[in-house]
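Data first, discussion second: the structure below is written as structure tokens.
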Amino acid sequence: MNADPSQQRPDRNLALELVRVTEAAALAAAPLVGKGDKEAADQAAVDGMRYMLHSVQMDGVVVIGEGEKDEAPMLYNGEQIGDGSPPQVDIAVDPLEGTTLAANGMPSALAVIALSARGTMFDPGPVVYMEKMAGAPEIADLLDLDRPLGETVRLVAQRKGSEVGDVMVVVLDRPRHEEGIAEIRDAGARVRLIPHGDVSAALLAVTERSPVDLLWGIGGTPEGVISAAAVKCVGGQLLGRLWPRDEGERTTAVEAGYDLGRVLDRDDLVSGNDVFFSATGITDGDVLEGVRYPHAGGATTESLVTRSRSGTIRRIRAIHDRAKLRAVGGESASRAGT
């Protein structure tokens, strides 16, 4: 009798293999940083990541990817990746989180991937946005999507033994957040507005000695699942609630059986007990340093690599010989090696 795939946990530390995947995506995209072409940068990252993924010993299926097959030729939802050998796993990827950030040479563009046992990642279905809140372990029990934001930031300040004016909340700079931003500021707390980058913001909210205390806002549901995997590995909590953009999307979600009032925590979004996460910086940010070229023919990367079961968090700095990486990602990496 075959074992239930969802019970087949990965026995080795796949995170140490996944870091090669995010490094490849970052190295392929980096030559296009600041060149104003976000599609080309994204495609380069996808090519680099996809090329390396097939060398990883796993039977993976993309649950969170670039869209359905007819919309994205690479790393689409449902694509089989890895070499086909056990374990059977779900994969969530964002080869270039922050395409506009990379195109404009702005901070905090990342290449990210998360992995857990087959059948353990939340499928967001037709709803592409969710309201989110994330924080470090010491304030995890204070997170609440129904409590007024002003009250939450006051509770965070009290827990940390600080003034409310010391609390910093990271929020995507979008018109839909104007009311929430006003609540935070009226309570006396501060807001760090970011143009893009849900996953990097979630990491910032749960990282030790971070200038940010809390993440709040409405952002992508796929990024929410990836962020939940990262938070599950790093520590802390992330809450999410599906946020349909219009009545059509709401009706479709309800008919598909989604409970739009339900608040999902990190274990609802990624229910596996052995979760892996890797992120490599493409441009410099608060969490990770971007790809740099210290001398001709060389490149450096910094990655964050984690595993929930062990709780180990590794920061990996690597030096790469660009000439030897020409094959990674095909044509995009060839440009990187010239």
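- For E17 (side chain) and V56 (main-chain N/O), no donor-acceptor pair under 3.5 Å exists by modelled atom type.
- We find that D268 and R262 are joined by a salt bridge, their nearest charged nitrogen and carboxylate oxygen being less than 4.0 Å apart.
- Salt bridge annotation for E223-K132: absent, with no cationic side-chain nitrogen under 4.0 angstrom from a carboxylate oxygen.
- The backbone N or O of P107 sits nowhere less than 3.5 Å from a side-chain atom of D284 that would complete a donor-acceptor pair.
- Checked against V169 for a side chain to side chain contact (heavy atoms under 4.5 Å, CB included), the options I181, T152, I184, D213 give a single hit: I184.
- T280 and T301 are not linked by any side-chain donor-acceptor pair at a separation below 3.5 angstrom, with hydrogens and angles left out of the test.
- Considering V263, L260, V127, L264 as possible partners of R241, the one that fulfils the side chain to side chain contact (heavy atoms under 4.5 Å, CB included) test is V263.
- Of the possible polar contacts, none joining the E151 side chain to the P148 backbone as a donor-acceptor pair under 3.5 Å is found.
- Across all their heavy atoms, F276 and L14 have their closest contact at CE2-N, 3.3 Å.
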Please report the C-alpha distance between V170 and M168 in whole Å, then the side-chain angles of each, then the deciding distance to 0.1 Å, and finally whether the side chain to side chain contact (heavy atoms under 4.5 Å, CB included) criterion is met. CA-CA 7 Å; V170 61; M168 179 72 80; over 6 Å; no
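- Residues that satisfy the side chain to side chain donor-acceptor pair (under 3.5 Å) test with R250, not counting sequence neighbours, are absent from this structure.
- Using a distance-only test at 3.5 Å, with no hydrogens or angles considered, a donor-acceptor pair links the side chain of D90 to the main chain of M121.
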